[in-house]
**Student:** 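Here you go, one structure.
Proteins come first, then strands; the chains are lettered A, B, ... in the order of their sequence lines, and each starts at number 1. These numbers come from the heavy atoms of this one structure, side chains and all, not from hydrogens, waters or symmetry mates.
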Amino acid sequence: MPELPEVETVARGVDARVRGDKIAEAWFSSYPQTFKTSPQTQAKGLEGRTILEVHRTGKHIVCELASDAATIDAQWIVHLGMTGRLLVTTPDAPLAPHTHARLRLESGREIRFVDPRRFGRLEFRKLKKANGFEAKGAEPLSIDSAPFAQLFRGRKLAIKAALLNQTLLSGVGNIYADESLFRAGIRPRRAAGRLSRAELEKLRLALQAVLLDAIRLGGSSVSDYVDAEGVRGFFQLEHRVYQRAGEPCLVCSTPIRRIVVGGRSTHYCPQCQK
DNA sequence: CTACCTCCCTGGATGC
DNA sequence: TGCATCCAGGGAGGTA
């Protein structure tokens, strides 16, 4: 399940392979739930445009596009959802099942969007009066101490649920919420607004550290996540609580507990997290 | 506005 | 072995 580190890894990989390349032809499957803009509109907008840059915002991959000059006039926004993959391949590479988009590039490469569960979203956005894509929440990697604390002030919901709320922070998903709460020693069910300033700062630093560690290792390959080349990440080997229910805590050997918070499976150490 | 609920999807795991 | 059922989970959209 792609979260910030996985999306960052994919965006970097795609950027390195297609930056400056021109989209010769775009093909889309006919599953409407995959698309915010219609397949026809997307294909028409993409064809003939050059990819100036690919980067990550929250959990979204943003491709900056230009018609002719080096001026961005459109964006292709990709959200990987649960099982989405954005791959750069050769045109003759075998077509994976559930391939929903193929962008043939002038260099001969091809960008492919594959998404079995179809929770992913693709959007084409022309930048005229419309602004460029902006995440709804704050960027976890760069948010400072005071604004981070402000996000949770007065909130009664569980800190785990607050971390997952994309309108507060953009990019944190189930894995890194659990892992950062473990590193910060905070129980996932604590009311967000009841955490002390010191605890919130510990959480912010833990979150940023765990995200950077994960980016360094190419993300976590649970489910079927792979990077732009189809290579798996390695951060799943570093998970201390996520999907380790019943296994001993790596710090104190207490069995890791699994509960449900905000409708999501949640893992924590009852001894280390208060 | 906040907090919570349901739904969308498929494939891997589980149950009989 | 085979078939049916369960369930994960990000985010949109709806409701109290």
**Student:** Under 4.0 Å between any heavy atoms, over every strand shown, what does A:R258 touch: base, sugar-phosphate, or nothing? Just pick one.
**Tutor:** sugar-phosphate
**Student:** Write down the distance between CG (A:L168) and P (C:dG10), rounded to a whole number of angstrom.
**Tutor:** 15 Å
**Student:** Between A:T83 and B:dT10, does any side-chain N or O lie under 4.0 Å from OP1 or OP2?
**Tutor:** no
**Student:** Measuring to OP1 and OP2 of C:dG11, would you say a side-chain N or O of A:H79 lies under 4.0 angstrom away?
**Tutor:** yes
**Student:** Heavy atoms under 4.0 Å, any strand shown: does A:R121 hit a base, just sugar-phosphate, or nothing?
**Tutor:** nothing
**Student:** Hey, are the side chains of A:L141 and A:I215 touching, using non-hydrogen atoms and a 4.5 Å cut-off?
**Tutor:** yes
**Student:** Respond yes when some side-chain nitrogen or oxygen of A:R118 is under 4.0 Å from OP1 or OP2 of B:dT10, and no when none is.
**Tutor:** yes
**Student:** Please determine whether a side-chain nitrogen or oxygen atom of A:H98 lies at a distance below 4.0 Å from atom OP1 or OP2 of B:dG11.
**Tutor:** yes
**Student:** When you look at A:E199 and A:R194, which way does the salt bridge (Lys or Arg N to Asp or Glu O under 4.0 Å) test go after all the steps?
**Tutor:** CA-CA 10 Å; A:E199 285 175 318; A:R194 289 285 187 90; over 6 Å; no
**Student:** Tell me whether the side-chain N/O atoms of A:R155 come closer than 4.0 Å to OP1 or OP2 in B:dA3.
**Tutor:** yes
**Student:** Using a cut-off of strictly less than 4.0 Å, decide whether A:K136 has a side-chain nitrogen or oxygen near OP1 or OP2 of C:dA12.
**Tutor:** yes
**Student:** What integer distance in Å separates A:R117:CZ from C:dC6:C1'?
**Tutor:** 12 Å
**Student:** From CG of A:N165 over to C1' of C:dG11, roughly how many Å is that when rounded to an integer?
**Tutor:** 10 Å
**Student:** For C:dG11, does either OP1 or OP2 sit under 4.0 Å from a side-chain N or O belonging to A:K59?
**Tutor:** yes
**Student:** Below the 4.0 Å mark, does C:dG9 have OP1 or OP2 next to a side-chain nitrogen or oxygen of A:Y242?
**Tutor:** yes
**Student:** Scan A:E3 against the nucleic acid and name what it touches under 4.0 Å (heavy atoms): base, sugar-phosphate only, or nothing.
**Tutor:** nothing
